[in-house]
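Worksheet: the structure to be examined is printed underneath.
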Amino acid sequence: MCGIFGIYSHKDAANITYLGLYALQHRGQESAGIACLDGDSAHFHKQMGLVSDVFTADVLKALKGILAVGHVRYSTAGSSDLKNSQPIVVEYMKGYLALVHNGNLTNARIVRDELRDSGSIFQTTTDTEVIVHLMARSREKTTIDRLIAALHIVEGSYSLILLTQNELIAARDPYGIRPLCLGRLRDSYVISSESCAFDLIEAEFLREIEPGEVLVISERGLQSLFPFKRMTRKHCIFEYIYFARPDSFMFGRTVYTIRKAFGRELAKRDSIDADMVIPIPDSGIGAAIGYSQASGIPFELGLIRNHYVGRTFIEPEPSIRHFGVKLKHNAIHDLVKGKRLVVIDDSIVRATTSRKIISMLRYYGAKEIHFRVSSPPTKYPCFYGIDTPTRKQLIASSHTVDEIKSYMKCDSLRYLTVEDMKNAIEGDYTFCDACFTGDYFIPFPKSMDMEQMELFSNDY
Ligand code: 5GP
Ligand code: SF4
Ligand code: MG
């Protein structure tokens, strides 16, 4: 998972991109980077860490130029280190290129092996790098035609922004799996994974980039191309469930509205007598509000989250641990004591977090705990850009709801059904839901099943 941002023709391109990345920080906390192309030179800076740590005033000052792209990373392919961070900046026969990508190219390994066998030297282990190699080798004349030729070869999901010395190009895969939108900031254009970045910089939201669209922004204005075969839309429903920021407008709807609707659907089929609905913050909040409104059971913030727990937390001396889940979540004792609770989270992955939270609530005297999940059981790994662990680690892939309930030690457990999820979305249902249904519409090599990385170990 990643967040991408780009700006065309603004005197403070790097500074605006920095702000844009700030608004997209939730999409990736591993590394951040910005590249600016300025006439014949390229300036870029990328580093492991949060946007606020990576960029200082001096660093931003050195990023000269009126065109910029930026990236925050949460790796799905390629190991988590600096050489794999983006933007990828290269110099090829047509000049400098800077590329940022959100998604996952399912045939990257195969394409990469072929390129390597015929002489390409790879600098990173990311799937994204194959795009620039394919462009460099293409026989097409213009950069845009080279990009289109490269995108005809790769498969999988991509929302990407490419910077040349005088153009900003945005492209979205034919299924429109990952989000990407276009905005205007006075005389400049901006591209972002999510519209919440436009609000911050006071840009006007114009529209989403269409699935299969290649949008070229240059001196001649906007040029929109549709070079690929039209496909059925398959927007990632998990963006609505968990990933996107609630204040973003995405796939034609506001994310918060959908999260509440998921909660409402959950409540519709429930007839629990309970004293309060409490979310596991932050991810469960929208659905818990919807559940509370539909059921009439009062909403309470029974759990409080510490927002300052970084990924690098080191357990101190063994004698004074185990802090476990309390590092991140704590309950309000006298609120939950003796109460019948409906506890809501957006999803269950391994059930380890939820299990610990349930045990903590019991410790503080909760009388009943009815756990509700505002998505269907996550049974299948994602190969299209969200890092879910291997099938083995997804508890719902090998356990029934009843078994999960016993493991979590709650009084009852219910998930949203796939039907409920579809009902919650007004208008046409044009979504990928493969992690719930196993309905993979782009094939992937068998080996990928093994390669899914473990990101859940230090952050949940
Ligand atoms: P579990 O209870 O299964 O251990 O953890 C579930 C939690 O993981 C939920 O609160 C959910 O918000 C969170 N989660 C779901 N998908 C992802 C993801 O892709 N990355 C991270 N970091 N957390 C996720
Ligand atoms: Fe999104 Fe799930 Fe599809 Fe992956 S498999 S793109 S997480 S809906
Ligand atoms: Mg969560």
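Both counts, for ligands and for their atoms, begin at 1 and track the order of listing. Treat the numbers as computed from the prediction; the structure is a model and nothing was measured.
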Tyr18 and Tyr22 aromatic ring geometry - parallel, tilted or perpendicular at 30°/60° bounds: perpendicular
Pair Arg116-Asp113, salt bridge (Lys or Arg N to Asp or Glu O under 4.0 Å): steps then yes or no: CA-CA 5 Å; Arg116 201 195 42 213; Asp113 287 351; 3.5 Å; yes
From Ile357, Thr353, Ile358 - option closest to atom 1 (P) of ligand 1 by heavy atom: Thr353
Ligand-residue contact atoms, ligand 1 with Phe243, heavy atoms, under 4.0 Å: 19 (O)
Worked check of side-chain contact (heavy atoms from CB on, under 4.5 Å) between Val59 and Gln47: CA-CA 11 Å; Val59 166; Gln47 202 176 298; over 6 Å; no
Ile280 heavy atom under 4.0 Å from ligand 1: no
Atoms in ligand 2 flagged as close to Ile237, the criterion being non-hydrogen separation under 4.0 Å: 8 (S)
Enumerated ligand 1 atoms positioned under 4.0 Å from heavy atoms of Ser283: 10 (O), 12 (O)
The Mg ion (ligand 3) reached by Ser283 (N, O or S, under 2.8 Å): yes
Winner among Cys432, Pro381, Gly103 once heavy atoms are compared against atom 8 (S) of ligand 2: Cys432
Aromatic ring pairing Phe251/His235, orientation class (parallel under 30°, perpendicular over 60°, tilted between): parallel
Contact atoms of ligand 1, heavy-atom distance to Asp346 under 4.0 Å: 9 (C), 10 (O), 11 (C), 12 (O)
Residue Asp345 vicinity, atoms of ligand 1 by number, heavy atom under 4.0 Å: 9 (C), 10 (O)
Numbering as shown, the atoms of ligand 2 that approach Cys236 to under 4.0 Å (heavy-atom distance): 1 (Fe), 6 (S), 7 (S), 8 (S)
Pair Arg207 + Glu213, salt bridge at N-O below 4.0 Å: yes
For Tyr158, the option from Asp173, Thr128, Asp127 that meets side-chain contact (heavy atoms from CB on, under 4.5 Å): Asp173
Ligand-side contact atoms (ligand 2) for residue partner Cys435, heavy atom cut-off under 4.0 Å: 2 (Fe), 5 (S), 7 (S), 8 (S)
Arg73 bridged to Glu30 by N-O distance under 4.0 Å: yes
Basic-acidic side-chain contact under 4.0 Å: Glu210, Arg233: yes
Among Arg27, Lys234, Arg253, Arg259, the one residue meeting salt bridge (Lys or Arg N to Asp or Glu O under 4.0 Å) with Glu239: Arg27
Per-atom contacts, ligand 1 versus Phe238 - under 4.0 Å to a heavy atom: 16 (N)
Ligand 1 N/O within reach of Val349 N/O, cut-off under 3.5 Å: yes
Salt bridge (Lys or Arg N to Asp or Glu O under 4.0 Å) between Arg362 and Asp411, worked out: CA-CA 11 Å; Arg362 293 238 191 258; Asp411 296 284; 3.2 Å; yes
Contact flag Cys382/atom 2 (Fe) of ligand 2, N/O/S atoms, threshold under 2.8 Å: no
Sub-3.5 Å N/O-N/O distance, Ala351 and ligand 1: yes
Residue part near ligand 1, for Tyr74, under 4.0 Å between non-hydrogen atoms: side chain
Element-labelled atoms of ligand 2 that are located less than 4.0 Å from some non-hydrogen atom of Tyr384: 6 (S)
Atoms in ligand 1 flagged as close to Ile348, the criterion being non-hydrogen separation under 4.0 Å: 3 (O)
Minimal non-hydrogen separation, Ile4 against Asn102, with atom names: CG2-N, 4.2 Å
Ligand-side contact atoms (ligand 1) for residue partner Ser354, heavy atom cut-off under 4.0 Å: 2 (O)
Plane angle bin for Tyr440 and Tyr384 - parallel if under 30°, tilted between 30 and 60°, otherwise perpendicular: perpendicular
